[in-house]
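Note that ligands are numbered from 1 as they come in the structure, with each ligand's atoms numbered from 1 the same way.
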Amino acid sequence: MAADDSDAQLSAKIAHVSHIVFDLDGTLLDTESIADEVLAIVLTRHGKVWDGRGAQNRMGKRPLEAAAAVIQDYGLACTPLELNLEVLELLQERWKNARTLPGAVRLIKHFYSHGIPMAIASSSPARNIKIKLCHQEVVVAGDMVENGKPAPDIFLEAASRLNVEPIKCLVIEDAPAGVLAAKAAGMQVVAVPSIPSKDARPQYSSADVIYSSLLDFQPEVWGFPSLNDRIGGAIPIEPWYMGGPVIKGFGRGSKLLGTPTANLPTSAFSNHLASHVCGIYIGWAGLANRGVYKMVMSVGWNPYFDNKEKAVEPWILHDFSEDFYGEELRLIVVGYVRPEANFTTLEDLVERIHEDGRVAKAALDMNPFSDYAEDSYLTTPLPVSMSSN
Ligand code: ADP
Ligand code: RBF
Ligand code: MG
């Protein structure tokens with residue numbers, strides 16, 4: 001099933017549920033980029049280079065099973081236990097840096113305010129979950145059940161502690177092993193791949209729906225009260241600040257679509273966001289010698305063009321008389337509009353981009369979006385040492 005199925009189509013296929021079971025790592029918390037950072041360090045010690053290979057094999061598994069996957073994927077000569085000792089030492093000091101993923105706090109607050117019972121079913125050992133979480137009513141840890149994901153044990157235990165039948169539970173998961181475990185437990189499952197990618201879909205094929213982020217979750221589809229927090233058509237998000245030189249993109253924004261996009265390198269994102277974020281967003285754009293403007297941007301692989309590389313493409317809602325490649329562009333991204341979609345015709349894509357532009361123009365005049373226009377980040381020139389080319 002595609003993320004762009006209409007709500008009505010989805011609702012017709014889906015049985016209502018009453019309880020929510022969240023995975024933790026990679027679903028609510030961005031622990032995967034911390035794990036990647038640590039693996040890169042450890043693999044270097046073993047004379048190997050971390051290249052992201054095998055991330056999907058490792059994700060969602062318990063520590064020893066994940067270590068075995070890494071050993072196999074990289075041909076290491078140590079045992080899973082040895083690898084884990086090395087990894088754990090580095091991880092322990094980094095867990096506290098884990099940030100919540102976009103949309104996670106919004107969803108938990110929503111369910112909490114409506115009294116919807118929630119549980120966490122995390123493959124992490126109980127003592128690590130304690131460090132990562134402040135408070136949660138029902139928590140089942142990987143070391144509290146016999147078999148790890150993809151076995152159904154952990155979700156069945158969560159249902160039993162929530163005192164509800166598995167069929168009434170909706171699982172929200174980022175990892176293929178977790179999706180399989182939830183299905184084996186007889187639950188419905190929303191997959192939010194923790195590293196959205198062009199070709200992640202086949203590994204999540206048993207999920208009832210795949211979203212590119214928690215911001216796309218529609219509670220009413222599952223029989224829960226809907227979220228009504230859009231302002232002028234956009235969902236307020238924790239703002240992200242990003243800046244960098246305008247680079248050459250695919251060369252079709254102006255020519256093919258009539259909506260030029262001043263592409264930024266993805267490295268302008270923090271590590272955390274570069275890997276997790278996809279979709280259409282609104283915000284403010286600043287060019288030091290020109291001014292501050294409204295903007296609407298697309299982040300992702302442009303399904304219509306099926307790009308190989310992920311792109312960050314802000315369309316600045318202003319008519320410029322010239323190109324400004326190489327100039328430092330500053331963005332504050334403040335709202336989320338929709339996931340990237342595919343279209344049957346180019347006109348449909350163009351019409352949708354203009355619709356997004358209208359949403360941005362109107363929403364950015366409203367609180368809290370309008371406040372950020374004054375932020376000095378948008379117009380602060382780079383220090384001289386960094387702007388010398
Ligand atoms: P590319 O594929 O190289 O990004 P585009 O056709 O998308 O090319 O054109 C983008 C370029 O056009 C930007 O890098 C910028 O220099 C210029 N430009 C002119 N007007 C705008 C605008 N309103 N928004 C974004 N970029 C613009
Ligand atoms: N491309 C898509 O394939 N699907 C989309 O839903 C989509 N939405 C966009 C929304 C906005 C506001 C902008 C500026 C671009 C969007 N594009 C989308 C990207 C478009 O394909 C891209 O700008 C061209 O590839 C030009 O490089
Ligand atoms: Mg462009």
N or O pair under 3.5 Å between [X] and ligand 1:
| X | result |
| --- | --- |
| P314 | no |
| T261 | yes |
| S254 | yes |
| K255 | no |
| Y325 | yes |
| G249 | yes |

Check this for me, if you would: do [X] and [Y] make a salt bridge, where the nitrogen-to-carboxylate-oxygen distance has to be below 4.0 angstrom?
| X | Y | value |
| --- | --- | --- |
| R62 | E65 | yes |
| E355 | K361 | no |
| R290 | E322 | yes |
| R338 | D356 | yes |

So, do [X] and [Y] sit near enough that their side-chain heavy atoms are less than 4.5 Å apart?
| X | Y | value |
| --- | --- | --- |
| F305 | L349 | yes |
| I34 | L91 | yes |
| E313 | L264 | no |
| R94 | V38 | yes |
| W315 | H354 | yes |
| M187 | L170 | no |
| E86 | R45 | yes |
| V333 | M295 | yes |

Locate the shortest heavy-atom distance separating V334 from F369; write the atom from each residue and the value. O-CE2, 3.4 Å
If you draw a 6.0 Å radius around CG in L85, do more than 12 non-hydrogen atoms from other residues or ligands fall strictly inside? yes
Around atom CD of E309, are there more than 12 heavy atoms from other residues, nucleotides or ligands closer than 6.0 Å? no
Taking the six-membered ring of F343, is the NZ or CZ of R352 close enough (under 6.0 Å from the centre) and on axis enough (within 45°)? no
Just go through F324, F320, W315 and tell me whose heavy atom is the nearest to atom 26 (N) of ligand 1. F324
In terms of its nearest heavy atom to atom 23 (N) of ligand 1, the top option of D319, I316, L257, L256 is I316
Which protein N, O or S atoms does the Mg ion (ligand 3) have within a distance shorter than 2.8 Å? T261 O, T261 OG1, N263 OD1
What protein heavy atom sits nearest [atom], and how far away is it?
| atom | result |
| --- | --- |
| atom 21 (C) of ligand 1 | P260 CG, 3.5 Å |
| atom 12 (O) of ligand 1 | D323 OD1, 3.5 Å |
| atom 13 (C) of ligand 1 | A262 CA, 3.8 Å |

Please list, in number order, the atoms of ligand 1 under 4.0 Å from a heavy atom of [X].
| X | value |
| --- | --- |
| N263 | 4 (O) |
| K248 | 3 (O) |
| G251 | 1 (P), 2 (O) |

Is [X] touching ligand 1 with its side chain, its backbone, both, or neither, if touching means heavy atoms under 4.0 Å apart?
| X | value |
| --- | --- |
| V246 | side chain |
| H318 | backbone |
| F250 | backbone |

As a test of reading the model: which residues have a non-hydrogen atom less than 4.0 Å away from ligand 2? F250, R252, G253, L257, T261, I280, V296, S298, N302, P303, Y304, F305, E313, W315, R338, E340, A341, F343, L349, I353, D356
Looking only at side-chain N and O atoms, does S213 offer a donor or acceptor that is under 3.5 Å from a partner on D216? no
Passing candidate, ring-ring contact (aromatic ring centres under 6.0 Å, His included) with W240, options Y377, Y372, Y281, Y336: Y281
